[in-house]
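Worksheet for the structure shown next.
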Amino acid sequence: MSIEIKNLTKKFGNVTALDNVSLNFENNKIYGLLGRNGAGKSTLLNIITNRVFKTSGEILIDNENNEENDKAISKIYLMSEKTLYPQDMKIKDVFKWSKRFYPDFDTKRAYELSKLFDLNTNKKVKALSTGFTSIFKLIVALCVNTPYVFLDEPVLGLDANNRELFYKLLIEKYSKEPFTVVISTHLIEEISSFIENAIIIDNGKIVVNTTTEELLQSGYSISGKISDVDNYISDKEIIGEDTFGGLKTAYVMGRPDADISENLEVTSIDLQKLFVKLTNTREVK
Amino acid sequence: MQIKNSFIFQLSQYIKPMIIFYSIILAITVVPCFFIFSSEPVTVMTVSGWDFAGLIFLFVIGCVTTNEGFPVHLQNSVSRKSYFIGKILSVTVVSAIMTIMYTFILQLLFETAFLGSKVFQVESILNLIYFETDKPTIKSTLWSSAVLFVLSLFINMLGVFFSGIYYRVGTIIKVTISAGIPLLFLLFLPLIDSLFFGGSLYSTIFEFLGNIFGVIEHAPWKGCLSFGILFVVTTIISWFVYRRMSIKK
Amino acid sequence: MIINAEIDKPIFQQIKEGIEDAILSGAFPEESQIPSITEISVNYKINPATALKGINLLVENNIVYKKRGVGMFVCEGAVNKLMENRKNDFYDKFVSSLVLEAKRLKISENDIKNMIERGFKDEH
């Protein structure tokens, strides 16, 4: 039981939005789909849910082709950045229809969460602020009970309290009954503590696809005098460097050498920094 | 399962506009009739065009449902196929409801209610076209209702077709279609006709249409058949518009 | 207990040590129940699998034990055991780094001893 993506390519006219992407979303794991704006994250999620057609490749949801397949795509709820509900629909009607289209939707829980977030369910979609628009969509995502839940930029416009509340609700739901979560975002530091796997996408290509733990250990930063650092990194794969006066910090892939001179300081790289470095190099080249 | 859900959703999209439509009909025609009836018992009131008002309504509603209806189906994991079948079903049911409302509620009920005093008469355009009579019989009423139903299906689906086209194209093409089609038939073709054909182009077209829709022969079954074929053709063409539809960027 | 995803130490290690600290400080007395995996993961916004990994380390070391269907409890004698372990770590963790830094700063052995005495006095 998983979502398999094989050699997926998507072209919009001459622009290649996704370039031969292959990856799997395994069951009951939390994935971070990380990429800069326009990297292809939303396109990928839209193609998996068949909201957009692919140019070539194959997508299997629990071994079934996803295109024009109600049974396959009903296993996924995609909360998209764009609101696809009619502007005149009231939130309580959004819940009502969600229950119809997704029979496992938990209406009682949806009203509980609305109270928790202070969402007025009598309001129409168009009357909500950006923050509350995200909130009502998140509530549906948290109550829909599909085996796969995709969240595209889920915390858009949410204040710090509501973001915290959402993350906690998500983890609570997940730890009670695991399901597959894919969170697409460029705000990595907020999710780095609980995503199990990280997929970094850049210019339509998968740059990194590994566990968060491995990703954090895949690189380190080393700083010291320019000459010392240059000497150390001469035979290593570096993903970026900053110089500041006579000091230099280099971001290096791999594990640090065992016998590092005392003049050099080794620190780990956090996900955010690693992400920025990995997605920047492509542009510089 | 999703076909049924989609059908119910799409049907619900029609309900509010239909209530508004019938409220307006009641407000502008039936209510004043009651008023006239009570004060001036000898006045004869003929109401005409309700059937055509209904057709225009169905076309307009068909035109506006896709923009909001389609994205919400994608959001709820419904395939285009299920959505489109739900569409055909809802178009059929709504056309049937509108025909029944017209024939049995407005035409028959009100006519019967006022028949004795001959003050209130609902004139069916289709009855006039196919039977050339202002004294409709049960048979002529049922036949014109049958034509009205098939015509409603076609007109409603035509709206759905334009709705799909509008959804897929940009603003410029949208405006071009909206302005272009009326201009073509109301201005450009009549002009060509009177300049080069001396009016014979339009008379030929009308004669042809009169023939295939059975107007000339007073054969409503021909109307049913021809409008039915048009409905099927429009449905098939519309499916090609909808089958690869995506969310807009 | 503060969990930080961005420091060198893996999160599960931080969870393990955080609970050990809490046991040592008496926040979780022996035979008392500790928070569940769900509570830990929700509270610290971490993946339940990671929390489980940290807790399993404690189970393996006989610091906590699982009661089926009830939850997790601190073992009897856990405090003593932890103290023993920490004492063993004390030299590596604090003394050797203290001496290293003192050498860098050219602080004499006697000065350090004085500082330690002062530290103990200030505590009171």
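We name chains A, B, ... by the order of the sequence lines, and we start the count at 1 in each one.
Atom CD of C:E31 is surrounded by more than 12 heavy atoms from other residues, nucleotides or ligands within 6.0 Å. The 12-atom threshold is not exceeded at CD of C:E76, counting heavy atoms of other residues, nucleotides or ligands nearer than 6.0 Å. A:K236 NZ: more than 12 foreign heavy atoms inside a 6.0 Å radius.
Note on C:N47, C:L52, C:T50: by heavy-atom pairs under 4.5 Å with chain A, the leading option is C:N47. Contact count against chain C (heavy-atom pairs under 4.5 Å) is highest for A:F194 among A:F194, A:Y174, A:Y220. In terms of heavy-atom pairs under 4.5 Å with chain C, the best-connected choice from A:K168, A:E164, A:Q217 is A:K168.
Rounding to the nearest 0.5 Å places CG of C:N43 at 10.0 Å from CD1 of A:I171. Rounding to the nearest 0.5 Å places CD of A:E172 at 15.0 Å from NZ of C:K45. From A:S175, atom OG reaches atom CD1 of C:I37 across 9.0 Å, with rounding to the nearest 0.5 Å.
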